[in-house]
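Treat the numbers as computed from the prediction; the structure is a model and nothing was measured. Numbers restart at 1 for each chain; the letters A, B, ... are given by sequence-line order, proteins then strands.
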2 protein chains.
Amino acid sequence: MSNQDIQLTVDAVVFGYESVPRISVLLIKRKYEPFKDSWAIPGGFVLNEESLEDAVYRELKEETGVEIGYLEQLYTFGKPGRDPRQRIVSVAYFGLVRPDTYKISAATDAQEVQWFDIHDLPELAFDHAEILETAIKRLRAKITYEPIGFELLEERFLFSDLENLYKTLLGREIDRRNFRKKIMSLGMLNELDEKVSKGAGRPANLFQFDKKRYFQLKEEGIVFEI
Amino acid sequence: MSNQDIQLTVDAVVFGYESVPRISVLLIKRKYEPFKDSWAIPGGFVLNEESLEDAVYRELKEETGVEIGYLEQLYTFGKPGRDPRQRIVSVAYFGLVRPDTYKISAATDAQEVQWFDIHDLPELAFDHAEILETAIKRLRAKITYEPIGFELLEERFLFSDLENLYKTLLGREIDRRNFRKKIMSLGMLNELDEKVSKGAGRPANLFQFDKKRYFQLKEEGIVFEI
DNA sequence: GCAAAAGTGTTACAATTACACCCATGT
DNA sequence: ACATGGGTGTAATTGTAACACTTTTGC
């Protein structure tokens, strides 16, 4: 009927955030040809009876041990020749994980898995550089109009963490006062009654993103926007 | 290596605009099972050596005669069971055509091809209702932050056409004066020295979208936004 | 001369930006 | 007491929203 010899894979571009601060991405070192020993985005073939999302979760778990918190479809890459052996079309996803997951997987170093600063990347296999670039663009754009930044922070976080995340990701200075006013005026953050000291300086309050409230507000047509 | 029996297709959700006004979408009536005689989004199998985009252009041309002006990837649909016979993953695209193309293809009615008002749709085959819904959402969202509306109008158009397009697509009234001020302040439209009369009322000026200027402004960080 | 659509400005209000000092803690 | 990061308010500017009358044509 269609005389096709096209294979289907999924790839997962997973980002993390450390308060160094840096945005990092999870890569694996390939064990087999082609591109043996090159770094690559984790991923693999989709099984006959599993959904694309299931395939991403499975591959990611198998290859890196990471369980993802936030995941969305990014783009489908299908140029002939992107894999030197055969025609492979890959549905790329883009995901975010919290620092706790982050540390665990960096420790689970049995396989060759590593977090890389997105500003200090190795050469990548296949067209993975392009995929990664697409994902970074999406991430940067998306934190300004959807509250996905919180998926990169611990559940309870300092306001300064949020601020630094935005500064790092947007690559520019942010006015602390205005940023705080804006975020607070959205009414999606709960201020907790707990303070944390980072060793130096005045202890800071912990905050929590209120997902329920966010969806309520979204219903009412109020949109997240920085 | 991967024991896959997944087939890959592309689908093209193509929108047009008539100054009735209505937004319409191009559908075909299926000739074969499954869903024989149902309406469906045009599309088909990707050939082994062609890119996904090439496949969309080809299928669309073959099935509807339409040559697309604007095309972008929409989303990839891959749930098992979306095709009753076999596992098929479909990369959906979303496209826009100008009214001239529009009329030609509506006339080229040899095959069962038809434009449907997006508010008056037939039952659709497979999961095509979901695909179409995704595409409509994207279109609605996108005209507010990218100048793709112009791809639905003739190259030279009346300001009122643009206004009606936005009114129709956004489904709400627009203040004519504010809309004009805003669009004009972007500096992406050329006002031509030609007037057109629509039978009744004062003749209106023709306008043209200045793509070069748009890309210049985009470089400078000025963004289109309504 | 009247019906129909095009064209145009001003004012009130809301949102955004710019900007600097005091506070609470650890050492 | 000083170094460090946390927390806060106001004024100027800019952008957005609301609003109605005049102009040009066809009939």
Side-chain angles (χ1 to χ4, degrees), chain A residues 17-21 143-145 147 153-154 156-168 170-208 217 220-226, chain B residues 18-21 143-145 153-154 156-168 170-208 217 220-226:
Chain A
Y17 173 69
E18 283 171 296
S19 39
V20 174
I143 53 153
T144 69
Y145 63 87
L153 301 174
E154 319 238 22
R156 302 147 84 243
F157 53 87
L158 303 179
F159 208 92
S160 57
D161 290 335
L162 186 64
E163 199 188 301
N164 284 320
L165 170 61
Y166 273 83
K167 254 200 310 216
T168 308
L170 300 178
R172 56 178 164 85
E173 285 308 302
I174 289 178
D175 183 286
R176 283 198 307 139
R177 281 175 286 190
N178 293 341
F179 182 73
R180 189 166 181 133
K181 244 183 298 174
K182 196 149 177 189
I183 294 276
M184 282 313 182
S185 72
L186 294 170
M188 298 167 185
L189 284 197
N190 296 328
E191 185 162 3
L192 304 177
D193 273 343
E194 198 174 337
K195 291 193 201 303
V196 163
S197 175
K198 282 216 280 190
R202 174 175 174 175
N205 229 307
L206 281 171
F207 290 83
Q208 201 167 22
L217 290 167
E220 296 167 25
I222 291 159
V223 292
F224 180 90
E225 203 195 331
I226 300 299
Chain B
E18 283 171 296
S19 39
V20 173
I143 53 154
T144 70
Y145 64 88
L153 300 173
E154 318 239 20
R156 301 147 84 242
F157 54 86
L158 303 179
F159 208 91
S160 56
D161 290 336
L162 185 64
E163 199 188 300
N164 284 320
L165 170 60
Y166 274 83
K167 255 200 310 217
T168 308
L170 300 179
R172 56 177 165 85
E173 286 307 301
I174 290 177
D175 183 287
R176 283 198 306 137
R177 281 174 287 190
N178 292 340
F179 182 73
R180 187 166 182 136
K181 245 182 295 173
K182 197 150 176 189
I183 294 276
M184 282 312 181
S185 72
L186 295 169
M188 297 168 185
L189 285 196
N190 296 328
E191 184 162 5
L192 305 178
D193 273 342
E194 198 173 338
K195 293 192 198 305
V196 163
S197 176
K198 281 216 278 188
R202 175 173 173 176
N205 229 306
L206 281 171
F207 289 82
Q208 202 167 19
L217 291 167
E220 295 167 24
I222 291 159
V223 292
F224 180 90
E225 203 194 332
I226 299 301

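- Spacing between atom CG of D175(A) and atom P of dT10(D) amounts to 16 Å, rounded to whole angstrom units.
- I183(B) contributes atom CD1, which lies 10.5 Å from atom CZ of F207(B) (distance to the nearest 0.5 angstrom).
- In terms of the salt bridge (Lys or Arg N to Asp or Glu O under 4.0 Å) criterion, residue partners of E18(A) (sequence neighbours excluded) are, by chain and number, R22(A).
- Between dG6(D), dT23(D), dT25(D), one nucleotide has an atom nearer to the side chain of S160(A) than all others, and that is dG6(D).
- Applying the salt bridge (Lys or Arg N to Asp or Glu O under 4.0 Å) criterion to E194(B), with sequence neighbours excluded, gives R156(B).
- By the 30° and 60° cut-offs, the orientation of the rings of F179(B) relative to Y166(B) is tilted.
- Every residue two or more places apart in sequence or in another chain that forms a salt bridge (Lys or Arg N to Asp or Glu O under 4.0 Å) with E173(A) is listed here: K167(A).
- Taking the side chain of R177(B) as heavy atoms from C-beta on, and the options dT4(D), dC19(D), dT24(D), the nearest nucleotide is dC19(D).
- Between S197(B) and the phosphate of dT25(D), there is no side-chain N or O to OP1/OP2 separation shorter than 4.0 Å.
- Rounded to the nearest 0.5 Å, atoms OH (Y17(A)) and CG (L153(A)) are 7.0 Å apart.
- Sequence order on DNA chain C of the closest nucleotides to A200(A) and L158(B) puts L158(B) first from the 5' end.
- Within 4.0 Å of N205(B), counting heavy atoms only, lie sugar-phosphate atoms of the nucleic acid but no base atom.
- Looking at residues two or more places apart in sequence or on another chain, you find no salt bridge (Lys or Arg N to Asp or Glu O under 4.0 Å) involving K198(A).
- Less than 4.0 Å separates DNA chain C from at least one heavy atom of each of the following residues of residues 178-196 of chain A: N178(A), K181(A), K182(A).
- Separating the CG atom of N164(A) from the C1' atom of dG5(D) is a distance of 11 Å, rounded to the nearest angstrom.
- The side-chain heavy atoms of I143(B) and I226(B), taken from C-beta on, include no pair separated by under 4.5 Å.
- Closest approach of D161(B) to S19(B), counting heavy atoms only: OD1-CB, 4.3 Å.
- Here the C1' atom of nucleotide dA17(D) and the CD1 atom of I174(B) are 14 Å apart, to the nearest Å.
- Protein chain A contacts DNA chain C from dT16(C) to dG26(C), reading 5' to 3' and using non-hydrogen atoms of the protein with a distance under 4.0 Å.
- Checked against dG9(D), dG7(D), dA20(D), the side chain of R176(A) finds its nearest nucleotide in dG7(D).
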